[in-house]
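Each chain gets a letter, A, B and so on, in the order its sequence line appears, and its residues count up from 1. In what follows, every heavy atom counts, from backbone to side chain, and hydrogens, waters and symmetry copies are set aside.
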Amino acid sequence: MTEPASNFLRTIVADDLKSGKHDTIVTRFPPEPNGYLHIGHAKAICVNFGLAQEFQGQTNLRFDDTNPEKEEQAYIDAIEEDIRWLGFDWQGDVKFTSDYFDTLYEYAVHLIKNGDAFVCDLSAEQMREYRGSLTEPGKESPFRQRSIEENLELFEKMKNGEFADGACSLRAKIDMASPNINLRDPILYRIRRAHHHQTGDKWCIYPSYDFAHGQGDAIEGVTHSLCSLEFEDHRPLYDWLIEHLPVPSKPRQIEFARLNVNYTVTSKRKLKRLVDEAVVAGWDDPRMPTISGMRRRGVTPAAIRKFIDMSGISRAVGTTVDLGMLESAIRDDLNDNAPRAMAVLKPLKVILTNLPEGHTQVVTQPVHPQKPELGEREIPFSREIVIDQADFNEDSSLSKKKFKRLVPGDYVRLRGAYIIKAEGFSKDDDGNITEIQATVVEGSVGENVEGIKPRGVIQWVCANAGVPATVRVYDRLFDHETPDKGDNDFMDHLNPNSLEVIKGCLVEPGLAQASPEQGFQFEREGYFVADRFEHSENHLVFNKTIGLRDVWERKA
RNA sequence: UGGUCCGUCGCCAAGUGGUAAGGCAACGGGUUUUGAUCCCGUCAUUCGCAGGUUCGAAUCCUGCCGGACCAGCCA
């Protein structure tokens with residue numbers, strides 16, 4: 001266990017605990033249930049849950065459901081599942097901002113009574129005009145001076161459904177000349193006759209994010225309300241509301257930079273387009289940066305957590321983490337934990353001519369070479385086996401250094417079995433190699449043989465006992481580092497080779513017992529996972545999670 | 001050009017006045033029945049730039065330069 005890296009959030013929390021400002025901390029993860037979680041959310045989850053865990057605090061899951069028109073129960077279910085899968089659990093029941101609608105309404109009345117809020121009849125368009133611009137101050141609404149009594153009455157009528165949607169709104173009375181536009185009498189409540197997934201038709205007015213979020217934090221006793229940098233400009237409003245309302249606690253909002261990863265997009269709108277236009281098979285397509293997509297790809301929760309941990313937390317904007325870092329975290333976890341197996345993706349038959357017809361035997365290999373305690377697996381071997389087409393080359397002049405695989409007249413080690421020598425090969429009319437004739441070196445199973453230096457080690461599968469499988473090989477979805485930056489239309493940068501479906505693969509028999517979502521290392525190929533939904537004992541389907549690190553390929 | 005924030009190795013990122021951590025990548029070498037893993041080593045005299053304060057600055061001050069965010073009755 002290494003020391004957790006220092007970061008400013010940890011420092012703030014540690015100081016608050018040390019100074020006695022707080023005895024324990026409470027964080028929250030506040031998704032809006034209007035879409036699926038992706039790698040960016042994974043950071044928010046890991047930061048909020050991770051920080052609380054580290055300091056023995058607690059984390060609430062609170063759905064920020066103040067905009068019923070965009071939200072759905074289905075997203076709530078999916079989000080809960082993703083968070084649990086990532087390995088986190090929230091304190092107590094799932095919470096909803098809508099749980100506090102009654103209190104929020106009272107808070108609004110409180111503000112009105114203190115002369116800090118008013119009902120404004122300006123239309124959306126007029127309000128925009130009155131708001132001013134980034135460089136010019138706004139103008140005060142003509143309704144700003146309404147009496148407290150009138151505002152109270154009007155607000156109640158808003159609640160009672162006596163006005164049409166959009167006819168008026170409740171606004172905080174702050175400062176129309178503020179250089180921070182969020183302080184120019186921001187909207188607190190709007191009229192919206194929409195059925196809410198939690199509160200049904202009880203309300204026709206809904207609080208804005210600004211009016212709901214901080215108060216929700218305060219009600220729950222959240223101590224550190226962590227959010228992304230774009231909410232920085234909202235902090236003065238967050239604090240203003242906390243100061244002007246009789247809330248039970250004073251949470252502190254702290255912003256940190258969101259996660260960007262190159263070669264991927266995370267905007268909800270863009271991901272939806274990939275799904276809608278059938279570029280991918282769905283939100284959980286293994287190429288998607290969604291939690292469910294990565295899960296189906298075979299990425300483990302531990303790998304995601306490790307990646308988030310590696311990429312750090314800061315306030316630096318516009319930074320982009322290299323996808324290679326994610327891949328490294330994935331390999332690191334899978335290398336440690338994935339059982340090994342042999343699979344031949346593109347089979348080429350090898351006849352071992354010096355073995356008798358019908359010869360069969362069983363060889364054993366460790367489940368994991370670095371973890372003998374995991375036991376061994378038995379692998380049938382016979383006179384006819386298959387190796388990968390890429391592991392044979394008819395050009396025997398290839399140097400041993402350049403091609404550490406099988407070549408006519410030379411030796412190669414079959415992993416866990418014999419050293420063999422290629423004696424000859426056959427071709428079809430099109431010039432494709434169809435079969436290799438080879439001989440085994442007697443006594444070479446598990447033993448080195450004096451005077452014979454195989455060029456390398458290759459995987460193999462028994463031609464008869466091997467089990468057929470379908471393997472899907474995935475690559476990055478985009479071939480551009482920043483597919484959606486600047487003038488780029490991300491749809492122009494799709495990698496045309498992001499999916500290759502290989503049928504007719506042959507895998508070692510033990511793999512027929514693989515259960516969905518079980519991950520393996522197919523030796524010399526990479527990490528693969530039995531598909532969560534389409535894999536079965538009778539129809540093996542594996543998704544490639546990530547290849548092995550390959551210095552050779554990069555040099556070539 | 002109103003405001004807020006940010007700029008430390010190719011990419012992340014520590015460091016907050018005492019003389020540049022770490023990870024990813026890259027590059028050498030060793031071990032190896034996975035061209036994997038593992039191990040060892042190399043990789044910022046310099047912290048956007050220019051001044052200033054100080055015995056001493058990435059850290060403080062000033063001015064530039066570059067980038068991000070904000071004008072939804074979205075979150």
Side-chain angles (χ1 to χ4, degrees), chain A residues 2-3 5-8 11 30-32 34 64-67 69-70 120 122-124 127-128 131-138 165-171 178-184 186-192 205-206 208-210 212-213 227-236 255 257 259 262 307 309-329 331-332 335-336 340 342 365 369-370 401 403-405 413-417 419 444-448 454 456-459 521-526 547-556:
Chain A
T2 49
E3 271 296 292
S6 166
N7 70 56
F8 76 102
T11 305
E32 184 186 11
N34 71 342
D64 224 338
D65 56 350
T66 56
N67 189 5
E69 287 169 322
K70 293 186 175 177
C120 183
L122 250 29
S123 68
M127 208 172 286
R128 196 178 315 123
R131 190 154 36 225
S133 72
L134 294 176
T135 52
E136 299 158 313
D165 283 14
C168 54
S169 60
L170 182 74
R171 295 223 262 164
S178 172
N180 181 341
I181 291 179
N182 293 301
L183 261 22
R184 317 242 262 230
I187 285 183
L188 270 21
Y189 263 97
R190 68 276 209 197
I191 305 173
R192 187 125 318 163
I205 58 172
Y206 291 96
S208 63
Y209 162 84
D210 286 305
H213 201 94
C227 62
S228 50
L229 254 18
E230 65 261 36
F231 290 100
E232 204 161 353
D233 291 340
H234 292 249
R235 182 158 24 99
E255 313 83 22
L259 173 69
N262 60 12
F307 167 61
D309 207 50
M310 283 166 80
S311 56
I313 306 166
S314 78
R315 289 177 58 85
V317 295
T319 56
T320 303
V321 175
D322 197 316
L323 221 210
M325 211 188 275
L326 206 212
E327 297 178 341
S328 168
R331 288 193 184 102
D332 193 55
N335 175 55
D336 273 356
R340 311 284 123 127
M342 288 197 285
Q365 275 289 277
Q370 275 81 239
K401 187 150 195 191
F403 193 71
K404 302 172 78 165
R405 311 172 188 190
R413 157 76 67 182
L414 294 178
R415 163 133 261 220
I419 292 173
S444 63
V445 177
E447 304 288 340
N448 287 325
V457 182
I458 63 174
Q459 80 276 20
Q521 182 197 104
F522 289 173
E523 289 188 291
R524 297 211 318 132
E525 290 286 354
L548 256 24
R549 185 162 165 270
D550 188 351
V551 273
W552 183 248
E553 189 176 68
R554 275 179 291 160
K555 281 180 181 171

Test side-chain hydrogen bond (donor to acceptor under 3.5 Å, both in side chains) applied to [X] - qualifying residues, sequence neighbours left out:
X	value
A/Asp322	none
A/Arg524	A/Asp391, A/Gln459
A/Glu136	A/Ser133

Can you tell me if [X] touches the phosphate of [N], counting only side-chain N or O atoms and a distance under 4.0 Å to OP1 or OP2?
X	N	answer
A/Arg131	B/G72	yes
A/Ser314	B/C12	no
A/Ser208	B/C73	no
A/Arg171	B/C73	no

Starting the side chain at C-beta, find the nucleotide from [options] nearest to [X].
X	options	answer
A/Thr135	B/G15, B/C12, B/G2	B/G2
A/Met325	B/A75, B/A14, B/G23	B/G23
A/Ser328	B/G15, B/C6, B/C24	B/C24

[M] and [N], which share atom name [atom1], separated by this distance in whole Å:
N	M	atom1	answer
B/G56	B/G18	C1'	7 Å
B/U62	B/U4	P	13 Å
B/U42	B/U54	P	39 Å
B/G7	B/G15	P	12 Å
B/G23	B/C60	P	27 Å
B/C47	B/G35	C1'	39 Å
B/U46	B/A71	C1'	42 Å

*For the residue pair A/Ala212 and A/Thr66, what are the closest heavy atoms and their distance?*
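Heavy atoms only, the tightest pair is CB-CG2, 3.7 Å.
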
Categorize [X] for me: base, sugar-phosphate, or nothing, with a 4.0 angstrom heavy-atom threshold over every strand shown.
X	answer
A/Ile419	nothing
A/Leu122	base
A/Ser311	sugar-phosphate
A/Arg184	nothing
A/Ser123	base

*Identify all stems in which RNA chain B takes part, counting only runs of at least 3 consecutive pairs (Watson-Crick or G-U wobble, each distance under 3.5 Å), and give each as one range with another, ordered by first number.*
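When the pairs of RNA chain B are grouped into runs of at least three, the stems are B:2-7 with B:65-70, B:10-12 with B:22-24, B:26-30 with B:38-42, B:48-52 with B:60-64.
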
*Do side-chain atoms of A/Arg128 reach the backbone of A/Ser123 as a donor and acceptor pair under 3.5 angstrom?*
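Pair absent, no side-chain N/O of A/Arg128 close to backbone of A/Ser123.
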
*Test side-chain contact (heavy atoms from CB on, under 4.5 Å) applied to A/Leu122 and A/Arg171, step by step*: CA-CA 11 Å; A/Leu122 250 29; A/Arg171 295 223 262 164; 3.8 Å; yes

*Any side-chain heavy-atom pair from A/Met127 and A/Ser169 closer than 4.5 angstrom?*
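Yes - at least one pair of side-chain heavy atoms lies under 4.5 Å apart.
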
*Measure the shortest side-chain to side-chain distance between A/Ile458 and A/Met342 over non-hydrogen atoms and say whether it is less than 4.5 angstrom.*
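The answer is no, as the side chains (C-beta and beyond) never meet within the 4.5 Å cut-off.
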
side-chain contact (heavy atoms from CB on, under 4.5 Å) against [X], all qualifying residues, sequence neighbours excluded:
X	value
A/Asn67	A/Glu32, A/Glu69, A/Lys70, A/Glu71, A/Arg190
A/Leu183	A/Ile174, A/Ser178, A/Asn180, A/Pro236, A/Leu237
A/Pro137	A/Ala177
A/Ala417	A/Val363, A/Phe381, A/Leu414, A/Trp460

Detail all sub-3.5 Å separations between protein N/O atoms and N/O atoms belonging to nucleotides 64-70 of chain B.
from, atom 1, to, atom 2, distance (Å)
B/C70, O4', A/Asp233, OD2, 3.4

*Kindly assign one of parallel, tilted or perpendicular to the pair A/Tyr209 and A/His234, based on the angle between their ring planes and the thresholds 30° and 60°.*
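If you compare the ring of A/Tyr209 with that of A/His234, the planes turn out perpendicular.
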
*Verify side-chain contact (heavy atoms from CB on, under 4.5 Å) between A/Asn262 and A/Met325, making sure each step is shown before the conclusion.*
CA-CA 10 Å; A/Asn262 60 12; A/Met325 211 188 275; over 6 Å; no

_Each nucleotide in nucleotides 29-39 of chain B should get exactly one letter: B, S or -. Can you fill that in based on protein heavy atoms under 4.0 Å?_
----BBBBB--

*Indicate syn or anti for B/G72, taking the glycosidic torsion and treating anything within 90° of 0 as syn.*
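Syn, since the glycosidic angle lies within 90° of 0.
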
_Euclidean distance, atom CG of residue A/Leu183 to atom P of B/G2 [Å, nearest integer]_ =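 Value for this atom pair: 19 Å.
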
*asked:* Judged by each residue's nearest nucleotide on RNA chain B, which is more toward the 5′ side, A/Glu32 or A/Thr319?
replied: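 Of the two residues, A/Thr319 wins.
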
Can you tabulate the close N/O pairs, meaning under 3.5 Å, that link protein atoms to atoms of nucleotides 7-9 of chain B?
none

Sequence neighbours excluded and cut-off under 3.5 Å, please list the side-chain donor-acceptor pairs for residues 310-318 of chain A, or say none.
from, atom 1, to, atom 2, distance (Å)
A/Ser311, OG, A/Phe307, O, 3.1
A/Ser311, OG, A/Ile308, O, 3.0
A/Ser314, OG, A/Ala316, N, 3.1
A/Arg315, NH1, A/Glu255, O, 3.1
A/Arg315, NH1, A/Glu255, OE1, 3.1
A/Arg315, NH2, A/Glu232, OE2, 2.5

